[in-house]
**Q** 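Before we start, here is the structure in question, set down as structure tokens.
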Number of protein chains: 2
Amino acid sequence: MRRTRFDDHQCPIARTADLLADWWMPLVLRELLLGRRRFNDIQQALEINRSVLAQRLARLVEVGVVERRRYQDHPPRYDFEPTDKGRALWDVLGVMWQFGERWLSDEPAAIEMYDRRTGERIEPAVIDRNTGRPLDPTATRRRRTDDPSVIA
Amino acid sequence: MRRTRFDDHQCPIARTADLLADWWMPLVLRELLLGRRRFNDIQQALEINRSVLAQRLARLVEVGVVERRRYQDHPPRYDFEPTDKGRALWDVLGVMWQFGERWLSDEPAAIEMYDRRTGERIEPAVIDRNTGRPLDPTATRRRRTDDPSVIA
DNA sequence: CGAGTGAGTCCGTCAAATGGACCCACCTGG
DNA sequence: CCAGGTGGGTCCATTTGACGGACTCACTCG
């Protein structure tokens, strides 16, 4: 299929969607961010087609979300390590987790996230940094910063 | 293309990805949640193919994220209104906004979100509800709730 | 009476996802 | 010393969806 690209849109949601809104990307990133680093490990964990995975990893390297590192020389072997930018994506995945658990699962959660130091369950929540309150789409609007009268 | 489905996965990220990780879904939801309700309005705002939009809206109705309502009888006309489940997705979009603005935009933000009552800028942030602290993927692990010794 | 509106459907084309085989350099066990 | 992994891919045929664009059909408005 021809895929429409959004990476040149002004809207930050569109730019993020261009990177992340692909079936496999969130799962590939989940594996990378929770510690899997090697091509074959990820491929087997996700049962993803090898060429699709190769292409997704190449994209992640290209946009600077992971680094491809040579971890041995003979024969050359590579792995994939998240950058700061990649780790920042965990916020998005964490909130996807929270949404999926609350709204897309029938039974009580079969898997949970926890802090490996304290053992405590982790429950991501989204707030507005300025007010500390939850987001409310019905009260939210967009505006151009160069001309606040224009509603984007 | 054949698309692999994740809606039966245990992992909440996979379930959410199955719904949202499609190029158009975040943008369609952005429009719906920020107030656009009608097929033609959304189609023109996004410049999305009409049959693709029809299919995406049908999916959103099917999973209960929006409701299709008849708003006039002669001739029958329909619009699409987010449900509570749909409004809950705003958290995900808000965090995608934040990521895109911080990591995918070069120039200072051209568009911002604000509260239509107070006029204040909105900056979504993700915290752990229990500790109030930001998420840290390097400290995060998964476990099965039925058997905490199994690392998922 | 003709144009426009709203919410779609239908069609041909093109490209990406999929399953599966293949590759090749090195390492390991017997 | 040779067979069988292992790691990180590439290549191929098939299928399916995205895309652009035209068409529909029941009204309503001027």
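Values below: every heavy atom of this structure, side chains too, minus hydrogens, waters and symmetry copies. Lettering follows sequence order; numbering is per chain, from 1.
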**Q** Starting at atom CD of A/Q44, determine the distance to atom P of D/dG9, rounded to an integer number of angstrom.
**A**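 Spelled out: CD on A/Q44 to P on D/dG9 is 14 Å.
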
**Q** Check the phosphate of D/dG8 against A/Y71, side-chain N and O only, distance under 4.0 Å to OP1 or OP2. Yes or no?
**A**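 Checking D/dG8 against A/Y71, a side-chain N or O does come within under 4.0 Å of OP1 or OP2.
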
**Q** Could you say whether A/R5 or B/R50 is positioned toward the 5' end of DNA chain D, judged by the nucleotide with the nearest heavy atom to each?
**A**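 Its nearest nucleotide lies further toward 5', so the answer is A/R5.
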
**Q** Classify the ring geometry between A/W24 and B/F6 as parallel (under 30°), tilted (30 to 60°) or perpendicular (over 60°).
**A**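 Perpendicular.
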
**Q** Starting at atom CD1 of A/I42, determine the distance to atom P of D/dG7, rounded to an integer number of angstrom.
**A**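 It works out to 13 Å between those atoms.
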
**Q** Looking at C/dT18, I'd like to know if its phosphate oxygens (OP1 or OP2) sit under 4.0 Å from a side-chain N or O belonging to B/T4.
**A**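 For C/dT18, OP1 or OP2 has a side-chain N or O of B/T4 closer than 4.0 Å.
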
**Q** Base, sugar-phosphate or nothing for A/R70? Non-hydrogen atoms, less than 4.0 Å.
**A**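 Touches nothing.
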
**Q** Please check if the side chain of A/R143 supplies one atom and the backbone of B/I111 the other of a donor-acceptor pair under 3.5 Å.
**A**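 Pair absent, no side-chain N/O of A/R143 close to backbone of B/I111.
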
**Q** Please say whether the positively charged group of B/R37, taken as NZ for Lys or CZ for Arg, lies over the ring of B/F80, i.e. under 6.0 angstrom from the six-membered ring centre and within 45 degrees of the axis.
**A**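 Cation-pi check for B/R37 and B/F80: fails.
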
**Q** Side chains of B/N40 and B/R50 only: does a donor on one sit below 3.5 Å from an acceptor on the other?
**A**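 A donor-acceptor contact under 3.5 Å links the two side chains.
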
**Q** Closer than 4.0 Å, any side-chain N/O of A/Q72 to the OP1 or OP2 of C/dC26?
**A**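 A/Q72 to C/dC26 OP1/OP2: no side-chain N or O under 4.0 Å.
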
**Q** Taking the six-membered ring for Trp, is the centroid-to-centroid distance between B/F99 and A/W90 below 6.0 Å?
**A**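 Ring-ring flag for B/F99/A/W90: false, centres at least 6.0 Å apart.
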
**Q** Take atom CD1 of B/I48 and atom C1' of D/dG20, then tell me their distance rounded to the nearest Å.
**A**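 Answer to the nearest Å: 13 Å.
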
**Q** Between A/R3 and A/F80, just flag the one whose closest nucleotide in DNA chain D comes earlier from the 5' side.
**A**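 It is A/F80, whose closest nucleotide lies nearer the 5' terminus.
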
**Q** Which nucleotide in the list C/dA15, D/dA26, C/dA21 gets nearest to the side chain of A/R2?
**A**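 Shortest atom-to-atom distance from the side chain points to C/dA15.
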
**Q** Check the phosphate of D/dG7 against A/R38, side-chain N and O only, distance under 4.0 Å to OP1 or OP2. Yes or no?
**A**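 Checking D/dG7 against A/R38, a side-chain N or O does come within under 4.0 Å of OP1 or OP2.
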
**Q** Looking only at the side chain of B/Q55 (C-beta and beyond, no hydrogens), which of the listed nucleotides D/dC12, C/dG6, D/dA18 gets closest?
**A**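 Nucleotide nearest to B/Q55's side chain: D/dA18.
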
**Q** Salt bridge check: are B/D18 and B/R5 linked by an N-O gap of less than 4.0 Å?
**A**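 The answer is yes: the pair qualifies as a salt bridge.
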
**Q** Using a 4.0 Å heavy-atom cut-off across all strands, classify A/Q43 as base, sugar-phosphate, or nothing.
**A**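 Touches nothing.
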
**Q** Any side-chain N or O of B/Y78 below 4.0 angstrom from OP1/OP2 of C/dT5?
**A**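 Answer is no, no contact under 4.0 Å.
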
**Q** Rounded to whole Å, please give me the gap between CH2 in B/W23 and C1' in D/dC19.
**A**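 These atoms are roughly 10 Å apart.
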
**Q** Is there a side-chain polar atom (N or O) of B/R68 under 4.0 Å from OP1 or OP2 of C/dG8?
**A**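 True: B/R68 side-chain N/O within range (under 4.0 Å) of C/dG8 OP1/OP2.
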
**Q** Could you say whether A/V52 or B/L57 is positioned toward the 5' end of DNA chain C, judged by the nucleotide with the nearest heavy atom to each?
**A**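 Its nearest nucleotide being more 5', the pick is B/L57.
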
**Q** How long is the line joining CG of B/N40 and C1' of C/dT9, in whole Å?
**A**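 About 13 Å, once rounded to whole Å.
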
**Q** Is any side-chain nitrogen or oxygen of A/R56 closer than 4.0 Å to OP1 or OP2 of C/dA17?
**A**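 Yes.
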
**Q** Please confirm whether the shortest side-chain N or O distance from B/W24 to OP1 or OP2 of D/dC19 is below 4.0 Å.
**A**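 Yes, because at least one side-chain N or O of B/W24 sits under 4.0 Å from OP1 or OP2 of D/dC19.
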
**Q** How many Å lie between CG on B/N49 and P on D/dA22, as a whole number?
**A**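 That distance rounds to 13 Å.
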
**Q** Between C/dA17 atom P and A/L46 atom CG, what is the distance in whole Å?
**A**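 Between P of C/dA17 and CG of A/L46: 15 Å.
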
**Q** Take atom CG of B/L53 and atom C1' of C/dA7, then tell me their distance rounded to the nearest Å.
**A**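 Between C1' of C/dA7 and CG of B/L53: 10 Å.
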
**Q** Compare the minimum distances between each of C/dA7, C/dC26, D/dT6 and the side chain of B/F39, then state the nucleotide with the smallest one.
**A**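 Comparing C/dA7, C/dC26, D/dT6 against the side chain of B/F39, the answer is C/dA7.
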
